[in-house]
Structures are given as structure tokens and as C-alpha cells.
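Before any comments, here is the structure.
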Amino acid sequence: MLSSHALRISLRSPSTRLVTPAALARRTFLTTALLQSPPAVKSVATKKKATITEKKKKQTPAKPAKKAEKPTKHAVDVSADDLPPKRPNSPYVIFFMKSTKDAFRKGLQKEGGVVVFAKRAGEAWAAMSTAEKQPYYDEFEVLKEQYLKAREQYFKNVDPKVLSAINKKRKERGLSRIRDPNREPQLPSPYLRFVSAFRSSPEGDAIMKDKSHPEHPVRRLGRTAGERWRSMSDDEKYPFVVAYNRDKEIAQANQKQAST
């Protein structure tokens, strides 16, 4: 049996006090350490990739500023209506075209093919008399007159830009350029006048007649004339310059007179 004094001590001792559930929960929350997730560790590959990217950014030089683009010229559209009128067919071609139509109508083109038919047409034309050919010549003259009138009107009304675009396309196809017949011919320069005079000289004539030289005569003549012109003094070039200026003044006077 406990004595009364020992009983009083046991009742005062904290270990013997009754602990409620609420107090127990509060005590657990305050005294228990919080559980934290371990810090995320970046992989070595990710670190290396980031380092390489940063180095590239530092090493890459800044791109130069783009230059302002020049405005492109508006291309001229050329249609079939913008082309100059075509030359009329020759009397023989007119005869051949009519013979071809007759042959197709009669079914004669199947006999031997086109080559044999063209050969027969040439033989037939050669065997025809002048009187038999005259209708084709008359038709040619009518077509020629119509062509010349249409050509004159074309060059009067054609836009120079359109004609330039047509010549550009012809040059790409390896064809000769179309020249405006109403345009004044360009005067030969002082140098071209000298080349013409050099060509008529005994030295130039000897170069053109010499076939034993490996260089082409025309090319050799041009090269020799160019070397001679560059070595000439201003006094030696003076006659050709005077002739050019004289012809230029005459051409300008004629142009003014024609315009008035």
C-alpha cells in the first residue's frame, strides 16, 4: 500500500497525468519532423547540352543586316499580238501550200510520204512555164504590199519597251534582233572610220588576202587595227574625229528639218 505522501507525489507527476486524444495529436504534429522530398538532381547529359548551347551562342557571330533589295523593273508581257507582221510567203511556197491542200483533199499525200511529195512539187514547179507561175507571183505582190503597209503602221505605233522585250527573247533563242526601219542609223565612231580606212590600205588588204596565217583574217585585221589606233596620237586621230562630228551635225540638221 502506498502511503498518502507517495500517492500525492504520484498524482502530481506529469507522467501519471491522463493525456487526451487532441493533446496527443497536437503533440505529434509539433514534435514530428516534416518529411521532404529529396532535391531534384539534373542529369549530366542535360548539363553538358546546356553548356554546349551557351558556348555556341557566344561563338556565333552576329548576322549582318540585310541590304535593302533593289526594286525590280516591271517585266513587259509580250503576246502574239505584239509581234511584228510576218513576211509573205514566196511564190513557190504559195504554190507548194496550195498543192499540199489539193494532195490532202485527194489523198495523194499517202503515196510515198511527205519527202516524196515535196520532191514531186519541186519538180512540178520547175517544169511550169512563166505564164503558169504568174498567178502565184501576182498573189505574192498583193501579200507583199499588204505586209509593207502593216509593217509601217506597226513600227509607228509599237512601244519601244515592247520591241526591246521581243528582241531580248529573240536573243535567247539565237535569232537576230528586229530593227526599227524608221530609226536613224547610228553614225560610225571615229575608231570605226579608222578601221574602214585601214581595211582599204595596202597593209589591211594584205592581211585579208593572207590565208597562211593561223589567225582568221577578219580577227587579225581587227586586232591589228586596234593596236594601231591605241598607239596613234591625238593629231593622227583628228581627221577621223572631224569627219564624225561633221556627219553628226548634218544628221541632227536633217532630223530637225524632218520634224518641222
Side-chain angles (χ1 to χ4, degrees), residues 73-188 192 195-196 199-200 204-205 207-223:
K73 294 183 180 179
H74 180 66
V76 180
D77 295 331
V78 179
S79 62
D81 297 334
D82 297 325
L83 299 177
K86 294 182 179 181
R87 295 176 179 273
N89 294 325
S90 64
Y92 169 71
V93 174
I94 296 173
F95 161 77
F96 180 79
M97 296 297 291
K98 289 187 176 182
S99 301
T100 303
K101 290 181 180 179
D102 294 340
F104 271 92
R105 186 174 64 251
K106 297 177 181 179
L108 300 177
Q109 79 282 1
K110 297 180 181 179
E111 299 178 4
V114 179
V115 178
V116 176
F117 175 76
K119 184 179 180 181
R120 290 178 181 177
E123 294 173 352
W125 175 260
M128 291 171 62
S129 62
T130 304
E132 292 173 329
K133 294 179 180 178
Q134 191 60 41
Y136 303 103
Y137 280 95
D138 294 341
E139 185 174 352
F140 168 74
E141 291 297 330
V142 173
L143 296 175
K144 181 180 177 181
E145 186 177 355
Q146 295 175 357
Y147 161 74
L148 292 176
K149 290 181 179 179
R151 186 171 180 265
E152 183 180 1
Q153 291 298 323
Y154 172 81
F155 284 107
K156 281 184 179 180
N157 302 323
V158 67
D159 188 352
K161 293 181 180 179
V162 173
L163 189 60
S164 177
I166 293 173
N167 284 327
K168 184 177 180 180
K169 290 188 175 182
R170 288 177 63 88
K171 184 178 179 180
E172 293 174 354
R173 296 166 55 191
L175 302 176
S176 60
R177 63 190 302 268
I178 299 173
R179 300 183 181 274
D180 188 354
N182 300 325
R183 186 178 178 181
E184 292 292 333
Q186 188 175 2
L187 295 174
L192 292 179
V195 173
S196 178
R199 167 67 180 83
S200 303
D205 187 60
I207 292 175
M208 294 301 296
K209 290 181 179 179
D210 185 10
K211 306 298 182 182
S212 61
H213 199 276
E215 190 176 10
H216 194 277
V218 176
R219 185 176 300 175
R220 184 184 173 197
L221 177 73
R223 179 179 56 79

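- Put simply, the side chain of Tyr154 gets close to the backbone of Asp82: a donor and an acceptor are under 3.5 Å apart.
- Donor-acceptor pairing under 3.5 Å is lacking for the side chains of Asn167 and Ser164.
- Few gaps surround NZ on Lys133; more than 12 heavy atoms of other groups in view lie less than 6.0 Å from it.
- Salt-bridge check for Lys156 with Glu152: passed, with a basic side-chain N closer than 4.0 Å to an acidic carboxylate O.
- The structure places CG of Asp210 at 12.0 Å from CG of Leu221, a figure rounded to the nearest 0.5 Å.
- Open room surrounds CD on Glu145; 12 or fewer heavy atoms of other groups in view lie less than 6.0 Å from it.
- When all heavy atoms are compared, the tightest approach of Ala127 to Glu132 is O-OE1, 4.5 Å.
- Residues satisfying the side chain to side chain donor-acceptor pair (under 3.5 Å) test with Glu139, not counting sequence neighbours, are Lys98.
- By the side chain to side chain donor-acceptor pair (under 3.5 Å) test, Glu215 pairs with Arg223, sequence neighbours left out.
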Stepwise, does the side-chain contact (heavy atoms from CB on, under 4.5 Å) test hold for Val158 with Ile166? CA-CA 11 Å; Val158 67; Ile166 293 173; 5.7 Å; no

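- Rounding to the nearest 0.5 Å places CG of Leu163 at 11.0 Å from CZ of Arg179.
- Within 6.0 Å of atom CE in Met128, more than 12 heavy atoms from other residues, nucleotides or ligands are found, so the atom counts as buried in its surroundings.
- Across all their heavy atoms, Lys144 and Pro88 have their closest contact at CA-CG, 3.8 Å.
- A perpendicular orientation is assigned to the rings of Tyr92 and Trp125, their planes being inclined by more than 60° (bins at 30° and 60°).
- Counting non-hydrogen atoms of other residues, nucleotides and ligands closer than 6.0 Å to CZ of Arg87 gives a total of 12 or fewer.
- Atom CZ of residue Arg151 and atom CD of residue Gln146 lie 16.0 Å apart, to the nearest 0.5 angstrom.
- The nearest pair of heavy atoms linking Lys211 to Pro217 is NZ-CG, 4.3 Å.
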Hey, mind stepping through Leu143 and Asn89 against side-chain contact (heavy atoms from CB on, under 4.5 Å) and telling me if it holds? CA-CA 8 Å; Leu143 296 175; Asn89 294 325; 5.9 Å; no

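- Surrounding CZ of Arg177 are more than 12 heavy atoms belonging to other residues, nucleotides or ligands, all under 6.0 Å away.
- Checking side-chain atoms of Ser200 against main-chain N and O of Ser196 turns up a donor-acceptor pair under 3.5 Å.
- Under the ring-ring contact (aromatic ring centres under 6.0 Å, His included) criterion, Phe140 pairs with no residue, sequence neighbours left out.
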